[in-house]
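Because only heavy atoms are used, hydrogens play no part in the values below, and waters and symmetry mates are left out as well, while side chains stay in.
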Amino acid sequence: MIRNNINIKSKLPDFSNSIFATMTQLAEKHKAINLSQGYPDFNSPQELLTLVQKHIAEGRNQYAPMKGADTLRKTLSKKYKNLYNRAYDWDEEVTITAGATQAIFSAITAFVCEDDEVIIIEPAFDTYAPSIRYNGGIIRYSTTTPPDFTINWDQVKRMISSRTRMIILNFPNNPSGKNIAAADLEKLHRLIRNTDILVMSDEVYEHIIFDRQQHISLATHEELSKRSIIVSSFGKSFSITGWKLGYCVAPQKLTHEFRKAHQNIVFAANHPMQLAVADYMKNPQTYVGLGDLYQKKRDLFNSLLKNSRFSFIPSEGTFYQLADFSNISSKSDVEFAKELTIKHGIASVPLSAFYHRGNDHKIIRFCFAKSDETLKKAADILCKI
């Protein structure tokens, strides 16, 4: 007799589709304006698109080097020296990845073993936890709360044990839009300076900072940079999220281990797109000017909502704005976000999705990386609620 049923033991039995996929599907079903998932609704820079076409036409369509295209890694090394005064060797300490998500998974796979503990600062992007779980790690959550989302370093200190392998940071933070301060890095350094704990720093919004603030990269700290794996993304910087192109910078010893995971997960990222980005980044203004672009969109969106019943504190970075709806509804943020999509045609993301146990805050996240026309149309609807 042939057995037709196969028993499969899921590594992630309690994980389902991400909230971003769920809300986007709901938006598509109800033809809502999608302010949920974090991607622009306007096209990538034409110069960048033309450069890709050029490299494709020239036949640069085979595998890129596992480490990444030389020209792009040299460009990134120069960027870190100029912006953060940190010299990363372009050949031994810079790796191009198939998006920041792959870089995050590779970093966790490279360093987190079974029963190692990893501290996550909430609210947190939803890819960290499953990546840790896949690798047998144990998650410890340190929670920050609105409106200031201040890290409780005393709480983090209590969580640190002999089994702590990694602490994950994400600043500017998705979803809060909160930036990190140099004082925070000093507190972190004091906690882990005599340990073997690593830091993975998700800095995908590094160039989207507002109100004349500076991005405080882990690369700027002399000691922390020696134990930090820094992940970033070209997708967020250049409106090319569909290209899935990111990178990792880390000291040579850490990069050596990171690349063991990287080459066995994806081997190499898209070659002609790497070459195009390298050419495009020859002009630093292509990325250092991003804060001005998105601050204008943040300010426009917030000004359009000033007469609404939503309340908010302007985002310090990223292209997200949190909005408190407690003056509108007593429903949970998940229920309200779904109602907003179905009934009013505006898709958002509930803040509770970024916490492992949810929360009762009446807050949703809007993405304002949209055309001015889209933002005005969305704000007109939101002001009538």
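- The shortest heavy-atom contact between Ile364 and Ala337 is CG2-CB, 4.3 Å.
- Between Arg73 and Asp70 there is a salt bridge, with a side-chain nitrogen of the basic residue lying less than 4.0 Å from a carboxylate oxygen of the acidic one.
- Judged purely by distance below 3.5 Å, without hydrogens or angles, the side chains of Ser232 and Glu203 never pair a donor atom with an acceptor atom.
- In this structure, Glu206 does not pair ionically with Lys236, as no charged nitrogen and carboxylate oxygen lie closer than 4.0 Å.
- Side-chain N or O atoms of Thr71 include none that pairs as donor or acceptor with a backbone N or O of Ala278 at under 3.5 Å.
- The aromatic rings of His361 and Tyr355 sit tilted relative to each other, their planes meeting at an angle between 30° and 60°.
- Not less than 6.0 angstrom separates the ring centroid of Phe354 from the ring centroid of Phe125.
- In terms of hydrophobic clustering, with Ile, Leu, Val, Met, Phe, Trp and Tyr side chains grouped at heavy-atom distances under 4.5 Å, Trp243 and Ile56 are assigned to a common cluster.
- In summary, the side chains of His221 and Glu186 do present a donor paired with an acceptor at a separation below 3.5 Å, with no hydrogens or angles considered.
- Within a 6.0 Å sphere centred on NZ of Lys54, other residues, nucleotides and ligands contribute more than 12 heavy atoms.
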Working for salt bridge (Lys or Arg N to Asp or Glu O under 4.0 Å), residues Glu223 and Lys226: CA-CA 6 Å; Glu223 295 303 320; Lys226 296 175 183 178; 3.3 Å; yes
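- When hydrophobic clusters are built by joining Ile, Leu, Val, Met, Phe, Trp and Tyr residues whose side-chain heavy atoms come closer than 4.5 Å, directly or via intermediates, Ile121 is grouped together with Ile197.
- Under 4.0 Å is where a charged nitrogen must lie from a carboxylate oxygen, and between Glu257 and Lys260 at least one such pair does.
- From Tyr280, atom OH reaches atom CG of Leu72 across 14.0 Å, with rounding to the nearest 0.5 Å.
- Using a 4.0 Å cut-off between charged side-chain N and carboxylate O, Glu339 and Lys331 make a salt bridge.
- Ion pairing between Asp292 and Lys296 fails under the 4.0 Å rule for side-chain N and carboxylate O.
- Linking Ile, Leu, Val, Met, Phe, Trp and Tyr whenever their side-chain heavy atoms come within less than 4.5 Å leaves Phe171 and Phe149 in two separate clusters.
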Would you sort out whether Val112 and Met166 count as a side-chain contact (heavy atoms from CB on, under 4.5 Å), showing the intermediate values? CA-CA 8 Å; Val112 176; Met166 180 181 286; 4.3 Å; yes
Using the side chain to side chain donor-acceptor pair (under 3.5 Å) rule, take Ser217 and Thr220 through it: C-alpha gap first, then chi angles, then the decisive distance, then the call. CA-CA 5 Å; Ser217 172; Thr220 64; 5.7 Å; no
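- Under the 3.5 Å distance criterion, with hydrogens and angles disregarded, no donor-acceptor pair is assigned to the side chains of Asp89 and Gln252.
- Within 6.0 Å of the CD atom in Glu58, the count of heavy atoms belonging to other residues, nucleotides or ligands exceeds 12.
- Checked by atom type, the side-chain pair Ser352/Asp333 shows a donor-acceptor distance below 3.5 Å.
- In this model, a donor atom of one side chain and an acceptor atom of the other lie less than 3.5 Å apart for His55 and Asp279.
- Ring geometry, Phe267 versus Tyr63: the interplanar angle exceeds 60°, so the pair is classed perpendicular (tilted spans 30 to 60°).
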After noting the C-alpha distance and the side-chain angles of Leu305 and Phe312, does the key distance pass the side-chain contact (heavy atoms from CB on, under 4.5 Å) rule? CA-CA 10 Å; Leu305 291 179; Phe312 49 84; 3.9 Å; yes
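- Separation of atoms CZ (Arg193) and CZ (Arg227) is listed at 10.5 Å; rounding is to 0.5 Å.
- Separating the NZ atom in Lys74 from the CG atom in Asp91 is a distance of 9.0 Å, to the nearest 0.5 Å.
- At most 12 heavy atoms of other shown residues, nucleotides or ligands fall within 6.0 angstrom of atom CG in Asp196.
- A cation-pi arrangement, defined by a distance under 6.0 Å to the six-membered ring centre and an angle within 45 degrees of its axis, is present between Arg365 and Tyr320.
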Pair Thr318, Asn174 - check side chain to side chain donor-acceptor pair (under 3.5 Å), show working. CA-CA 7 Å; Thr318 74; Asn174 172 20; over 6 Å; no
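- Distance alone, capped at 3.5 Å, is enough to place a donor-acceptor pair between the Asn173 side chain and the Asn170 backbone.
- Of the residues Ile167, Leu198, Ile168, the one that meets the side-chain contact (heavy atoms from CB on, under 4.5 Å) test with Val118 is Ile168.
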Going through the checks in order, is the side-chain contact (heavy atoms from CB on, under 4.5 Å) test met by Gln274 and Leu245? CA-CA 8 Å; Gln274 290 188 52; Leu245 201 61; 3.9 Å; yes
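- In this structure, Tyr80 OH and Ile230 CD1 are separated by 5.5 Å, a value rounded to the nearest 0.5 Å.
- Of all non-hydrogen atoms in Ile108 and Tyr128, the two that sit nearest each other are CD1-O, 4.0 Å.
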Test side-chain contact (heavy atoms from CB on, under 4.5 Å) on Phe258 and Thr97 and set out the steps. CA-CA 11 Å; Phe258 173 87; Thr97 63; 3.9 Å; yes
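- Salt-bridge annotation for Arg133 and Asp14: present, with a side-chain N of the basic residue lying under 4.0 Å from a carboxylate O of the acidic one.
- Taking all atoms of both residues into account, the shortest heavy-atom contact from Ile363 to Phe325 is N-CE2, 3.3 Å.
- The shortest heavy-atom contact between Tyr247 and Ser233 is CE2-N, 4.3 Å.
- Rounding to the nearest 0.5 angstrom, the gap separating the NZ atom in Lys78 from the CE atom in Met281 is 10.5 Å.
- Around atom NZ of Lys338, no more than 12 heavy atoms belonging to other residues, nucleotides or ligands sit under 6.0 Å away.
- Defined by atom type and a distance below 3.5 Å, a donor-acceptor pair is missing between the side-chain atoms of Thr286 and Asn283.
- A continuous path of ILVMFWY side-chain contacts below 4.5 Å connects Leu49 to Phe238, so both sit in one hydrophobic cluster.
- A side-chain donor from one of Glu122 and Thr143 sits under 3.5 Å from a side-chain acceptor of the other.
- Atom CD of Gln214 is surrounded by 12 or fewer heavy atoms from other residues, nucleotides or ligands within 6.0 Å.
- Relative orientation of the Phe319 and Tyr294 rings is tilted, given thresholds of 30° and 60° on the angle between their planes.
- The hydrophobic cluster containing Tyr39 does not contain Met23, counting ILVMFWY residues as joined when their side-chain heavy atoms lie under 4.5 angstrom apart, directly or transitively.
- Gln295 and Asp211 share a side-chain donor-acceptor pair at under 3.5 Å.
- Salt-bridge annotation for Asp116 and Arg163: absent, with no side-chain N of the basic residue lying under 4.0 Å from a carboxylate O of the acidic one.
- Judged by distance alone, the side chains of Arg298 and Ser315 never bring a donor and an acceptor atom under 3.5 Å apart.
- Residue Ile346 comes nearest to Leu35 through the heavy atom pair CG2-CD1, 4.1 Å, listed as atom of the first residue, atom of the second, then distance.
- Expressed to the nearest 0.5 Å, how far NZ of Lys297 lies from CG of Leu300 amounts to 7.5 Å.
- For Ser106 and Thr109, the side-chain atoms include no donor-acceptor pair closer than 3.5 Å.
- Considering all non-hydrogen atoms of both residues, Asn179 and Glu316 come closest at N-OE1, 2.9 Å.
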Show your working on side chain to side chain donor-acceptor pair (under 3.5 Å) between Glu114 and Asn135 and close with a plain yes or no. CA-CA 6 Å; Glu114 188 167 356; Asn135 287 283; over 6 Å; no
